[in-house]
2 protein chains.
Amino acid sequence: MLLGIVKRESFYDICTMQHSINNHVKKHISATENDLVLFNNVLNEVTIAKGAYLLQPGHHVTEEFFVVKGCLKAYYMDNRGNKHIIQFAVENWWVGDFDAFYNEGTSSIYIEAVEDSQLLSIESSKLNKVFEKAPIFERYFRILVTEAFISQRKRILSAQEKNTQERYVEFCTSYSNIENRVANYDIANYLGVSPENLSRVRQKLKIS
Amino acid sequence: MLLGIVKRESFYDICTMQHSINNHVKKHISATENDLVLFNNVLNEVTIAKGAYLLQPGHHVTEEFFVVKGCLKAYYMDNRGNKHIIQFAVENWWVGDFDAFYNEGTSSIYIEAVEDSQLLSIESSKLNKVFEKAPIFERYFRILVTEAFISQRKRILSAQEKNTQERYVEFCTSYSNIENRVANYDIANYLGVSPENLSRVRQKLKIS
DNA sequence: TCTCCTAATTGATCCATATCAATTAATTTC
DNA sequence: GAAATTAATTGATATGGATCAATTAGGAGA
């Protein structure tokens, strides 16, 4: 598809969107009003319809996205043609092809909207300028990646330590209410189990 | 144990050690000589004997470690008393309890020397001072975490996509020569499979 | 060099979950 | 709102890898 992406929002929406990202920034670093304005000025507003792609393999990656409203999934296809969900992104998450973004390369993943979504995007070149003028944002992104790193590590260890049922419960808890927003077969995929198995686990949970 | 840790090295060793970290820094950012001196001045030299612990659960984490020479393993114990290896650290890797370090908390993991090892350590408070005086190091650590994040993501996807044999081969390739430095049951643990299963996989590889 | 202890291997069995197949339920779409 | 798709569930079977048990191989220490 890749249709359905529209830049520029109404004044009201822009205010809401900036409010959302500024809150997020303030939660992580102590930025001055000047810093925030500088940062806000390089952001673009993006809306995307359910089912549309924000990113597809082969595309040159120049942007990362912040989810103001909505839900997306990031996945890739392996050599055998199997899909693997890397991440779901909901409100107040950054999403993108990190690898390609930092290495200024070509995407190897799909990012697809699971719901109609509102996003903010930042371009690599503009972000680097922000880093120069307001190095505090270097810290912001370092903290974000560190947090993501830690939560990802938990995902690895959880997969080794826990059975499917425990992991499904953990998933629903940490991604609050997500089981009502995305398909079960996508959750199964994310957890690395078959949809049939997840279905049976969900049955058992209903009973107990 | 926690014995066997000795700070301060001979002049020759210190030079070697700083050479090692400076090379690593230069590979990631363009730091001035001043920046490097500033950074080097806050590093401590640490040696640790095989079998000794660099870190144990409950200890207050104030340091991260850079491996100049040697090999270590980071692991934790889950509620059921099972050990899970998080990471092996060899030359030119940073190792520590990231989570606790960034949140100034208490360690939940063990870091144990697999070989006699030489390390450099940096304290949280001193690192923050470096960040203030030379913000370029904020970038250095952001890049390191980003790289670690990306390689960790590959570990997750590899576990979903590939079978034990493929993952063992991948592991040996990416951690060059590691299969001769650490025990097979620790590699099995890291891969999340039983030692017996890994043993059989290794047999099959010998034949084919 | 011998002894002891730990690691690795090998065999047999078991189990969680994948896979295949069919049915039912829930969404889209016109 | 009926038809057509797509998702979820349920049942039956197959399988990769775990677990248990026993043996062999390697290393460290006396």
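Throughout, protein chains are lettered first and strands after them, A, B, ... in sequence-line order, and every chain is numbered starting at 1. The basis for the numbers below is simple: all heavy atoms, side chains too, and nothing from hydrogens, waters or symmetry mates. Fair warning: this is a prediction, and the values are worked out from it, not measured in the lab.
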Using OP1 and OP2 only, check whether a side-chain N or O of A:Thr164 sits under 4.0 Å from C:dA16. no
Can a side-chain donor-acceptor contact be found between B:Tyr168 and B:Glu179 if the only test is distance below 3.5 angstrom? no
Spacing between A:Ile187 atom CD1 and D:dA8 atom C1', to the nearest angstrom: 12 Å
Axis-to-axis angle across the helix from C:dT1-D:dA30 to C:dC30-D:dG1, five pairs each end, nearest 10 degrees, ~ 60°
For DNA chain D, what residues of residues 69-79 of chain A have any heavy atom nearer than 4.0 Å? none
Footprint string (nucleotides 18-30 of chain C, 5' to 3'): B base within contact, S backbone only, - free, heavy atoms under 4.0 Å: SBB-------S--
List for me each residue that meets salt bridge (Lys or Arg N to Asp or Glu O under 4.0 Å) alongside B:Glu115, sequence neighbours excluded, and say none if there are none. B:Arg181
Which residues pass the side-chain hydrogen bond (donor to acceptor under 3.5 Å, both in side chains) test with B:Trp93, sequence neighbours left out? none
Going by salt bridge (Lys or Arg N to Asp or Glu O under 4.0 Å), name the residues that satisfy it together with A:Lys129, two or more places apart in sequence or in a different chain. none
Would one find a side-chain N or O of A:Asn184 under 4.0 angstrom from OP1 or OP2 of D:dA8? yes
Partners passing side chain to side chain contact (heavy atoms under 4.5 Å, CB included) against A:Ala100 (at least two apart in sequence or in another chain): A:Val61, A:Asp97
Whether B:Arg202 contacts C:dA8 is assessed here as follows: a side-chain N or O lying under 4.0 Å from the phosphate OP1 or OP2. Is that the case? no
Integer-rounded Å distance: C:dA7 C1' and B:Gln203 CD: 14 Å
Hits for salt bridge (Lys or Arg N to Asp or Glu O under 4.0 Å) against B:Asp186, two or more places apart or cross-chain, chain-then-number order -> B:Lys73, B:Lys83
What is the distance, rounded to the nearest whole Å, between atom OH of B:Tyr185 and atom C1' of C:dT6? 8 Å
With A:Ser174 via side chain to side chain contact (heavy atoms under 4.5 Å, CB included) - residues at least two apart: none
Tell me the interatomic distance from B:Tyr168, atom OH, to C:dA8, atom C1', rounded to whole angstroms. 12 Å
B:Asp186 CG to C:dT6 C1', straight-line distance once rounded to whole Å: 13 Å
Pairs in or reaching into residues 142-153 of chain B: which pass salt bridge (Lys or Arg N to Asp or Glu O under 4.0 Å), with residues at least two apart or in two chains? A:Glu138-B:Arg142
Over how many whole Å does the gap from B:Asn180 atom CG to C:dA7 atom P extend? 17 Å
Rounded to whole Å, CG of B:Asn189 lies from P of C:dA7 at a distance of 13 Å
Holding to salt bridge (Lys or Arg N to Asp or Glu O under 4.0 Å), I want the full list of residues that pass it with A:Lys69, two or more places apart in sequence or in another chain. A:Glu91
Of all residues at least two apart in sequence or in a different chain, which pass the side-chain hydrogen bond (donor to acceptor under 3.5 Å, both in side chains) check with A:Asn82? none
Check step by step if side chain to side chain contact (heavy atoms under 4.5 Å, CB included) holds for B:Ile21 and B:Trp94. CA-CA 10 Å; B:Ile21 184 84; B:Trp94 281 90; 3.6 Å; yes
